[in-house]
Amino acid sequence: LNIHVGNTSLVDQFEWDISCPDNSPEEFARTLCQELGLGGEFISAISYSIRGQLGWHIKTMTFTEAPLKTIETPLRTGNLDKWAPSIENLTDQEMEKKIRDQDRNARRMRRLANMN
């Protein structure tokens with residue numbers, strides 16, 4: 001996740017079990033926002049982002065012949081900072097720079113993907 005609401009930026013990474021029909025992006029977003037003390041406007045942004053990423057991964061899996069990777073150990077023991085949410089309250093200038101840098105990086109990644 002890489003969500004910006006106002007001057008608050010949330011970055012988080014987690015693994016999602018696509019095969020479990022009981023997993024709800026909306027319920028996950030409500031719980032995450034409650035645990036992190038984030039406002040309700042983050043709930044829809046988080047669930048929208050999760051649904052978009054799930055759709056992309058499902059579509060990508062349709063065209064691949066490689067077997068899906070299974071998670072052997074659901075709990076992480078090393079490099080835990082990578083798996084923890086990060087919340088930043090930024091100034092207007094810092095937020096503009098962060099969004100501009102992310103847009104630039106997204107364009108670069110699309111160019112690289114189109115080259116392959």
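On a predicted model such as this, the values are computed, not experimentally measured, just so you know. One-based numbering along the sequence shown.
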Let me confirm one number: the [atom1]-[atom2] distance from [X] to [Y], rounded to the nearest 0.5 Å.
X: S49; Y: N2; atom1: OG; atom2: CG; answer: 8.0 Å
X: L36; Y: D12; atom1: CG; atom2: CG; answer: 7.5 Å
X: I18; Y: Q53; atom1: CD1; atom2: CD; answer: 10.5 Å

Fill in: Worked verdict on T8 versus H4 for side chain to side chain contact (heavy atoms under 4.5 Å, CB included)
CA-CA 6 Å; T8 303; H4 310 293; over 6 Å; no
Item to complete: From the options E26, R30, E27, select the one residue that forms a side-chain contact (heavy atoms from CB on, under 4.5 Å) with I43.
Response: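 Option passing the side-chain contact (heavy atoms from CB on, under 4.5 Å) with I43: R30.
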Fill in: Heavy-atom side-chain proximity of E94 to E88 below 4.5 angstrom
no
Discussion item. Just so I know, are the side chains of I46 and P25 near enough to count as touching, which here means a heavy-atom distance under 4.5 Å?
Written reply: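 No, side chains not in contact.
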Worksheet item: Could you walk me through whether S86 and L10 pass the side chain to side chain contact (heavy atoms under 4.5 Å, CB included) check?
Response: CA-CA 6 Å; S86 168; L10 167 67; over 6 Å; no
Worksheet item: Between T31 and E35, does any side-chain donor sit less than 3.5 Å from a side-chain acceptor?
Response: no
Worksheet item: Are D101 and K98 ion-paired here, with the side-chain N under 4.0 Å from a carboxylate O?
Response: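 No, this pair does not count.
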Fill in: Pair D103 + R107: basic N to acidic O under 4.0 Å
no
Worksheet item: If you take all heavy atoms of S47 and A29, which pair is closest and at what distance?
Response: N-CB, 4.0 Å
Discussion item. Please give me the minimum heavy-atom distance between D17 and N23, naming the atom from each residue.
Written reply: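 Of all heavy-atom pairs spanning D17 and N23, the closest is O-ND2, 3.0 Å.
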Worksheet item: Which residue pairs pass the ring-ring contact (aromatic ring centres under 6.0 Å, His included) test with at least one member in residues 35-59, sequence neighbours excluded?
Response: none
Practice prompt. Show which residues join L90 in its hydrophobic cluster (side-chain heavy-atom contacts under 4.5 Å, direct or indirect), or state none.
Written response: M95, I99
Worksheet item: Which residues satisfy the salt bridge (Lys or Arg N to Asp or Glu O under 4.0 Å) test with E41, sequence neighbours excluded?
Response: none
Discussion item. Could you see if I87 belongs to whatever hydrophobic cluster contains I3? Use Ile, Leu, Val, Met, Phe, Trp, Tyr and a side-chain cutoff under 4.5 Å.
Written reply: yes
Worksheet entry | Worked check of side chain to side chain contact (heavy atoms under 4.5 Å, CB included) between L1 and Q13 | CA-CA 6 Å; L1 295 176; Q13 174 177 295; over 6 Å; no
Worksheet item: Any donor and acceptor pair, going by atom type alone, linking the side chain of E96 with main-chain N or O of Q93 inside 3.5 Å?
Response: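 It does not hold such a pair.
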Could you work out, with side-chain contact (heavy atoms from CB on, under 4.5 Å) as the rule, every residue matching [X], not counting sequence neighbours?
X: S44; value: none
X: D92; value: N7
X: F28; value: F14, W16, L32, I50

